[in-house]
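This report concerns only the one structure given below.
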Amino acid sequence: MSTVGQQIRDYNRSLSERQKIRGGALLIVVGTLLISLLVFAPLVMPLQILIGLMSVALIVVGTLSLGTSGITGRAV
């Protein structure tokens with residue numbers, strides 16, 4: 001595995017379940033707020049694209065954070 005992947009795995013394991021849940025929920029809320037900004041604020045097209053991509057990335061990372069929270073080591 002790559003060094004970056006190993007660092008991400010180690011950091012993910014160092015977080016408590018509560019931190020993962022709160023952080024994931026916060027990232028989803030921020031991503032949603034940024035998407036709503038696109039609806040109400042008159043912005044130029046390149047900025048809209050940048051905000052849209054950043055919003056999607058935040059929501060995906062938040063969802064993954066919520067997905068990795070919970071009891072680890074159990075069979076699914």
Side-chain angles (χ1 to χ4, degrees):
M1 179 179 279
S2 70
T3 315
V4 174
Q6 185 65 35
Q7 289 174 346
I8 291 172
R9 179 183 290 169
D10 292 341
Y11 180 71
N12 186 36
R13 288 182 179 165
S14 70
L15 295 173
S16 71
E17 302 308 317
R18 178 169 283 182
Q19 288 173 325
K20 289 180 189 178
I21 291 172
R22 285 185 180 171
L26 180 67
L27 288 175
I28 291 172
V29 168
V30 170
T32 305
L33 289 174
L34 285 174
I35 288 176
S36 66
L37 175 73
L38 294 175
V39 174
F40 297 111
L43 301 170
V44 294
M45 185 59 69
L47 190 57
Q48 287 179 354
I49 294 171
L50 179 66
I51 290 174
L53 291 174
M54 190 170 54
S55 301
V56 170
L58 287 173
I59 291 171
V60 167
V61 170
T63 303
L64 290 173
S65 178
L66 286 175
T68 59
S69 65
I71 301 170
T72 56
R74 68 174 183 204
V76 177

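The first residue in the sequence is number 1, and the count goes up from there. Below, all heavy atoms of this structure are taken into account, side chains as well, without hydrogens, waters or symmetry copies.
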Cluster check L37, V44: I/L/V/M/F/W/Y, side chain < 4.5 angstrom: yes
L53-M45 co-clustered via ILVMFWY side chain contacts under 4.5 Å: yes
For the atom pair [atom1] ([X]) and [atom2] ([Y]), what is the distance rounded to the nearest 0.5 Å?
X   : Y   : atom1 : atom2 : answer
L47 : L38 : CG    : CG    : 8.0 Å
S16 : R22 : OG    : CZ    : 8.5 Å
I49 : L43 : CD1   : CG    : 11.5 Å

Check: L33 main-chain N/O paired with S36 side-chain donor or acceptor under 3.5 Å: yes
side-chain contact (heavy atoms from CB on, under 4.5 Å) between K20 and L66, worked out: CA-CA 6 Å; K20 289 180 189 178; L66 286 175; over 6 Å; no
Nearest atoms (heavy-atom pairs only) where L34 meets S55: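 Here L34 and S55 meet closest at CB-OG, 3.0 Å.
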4.5 Å side-chain heavy-atom contact, I35 and I59: yes
Validation row: I28, L58 side chains within 4.5 angstrom (heavy atoms):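 Not in contact.
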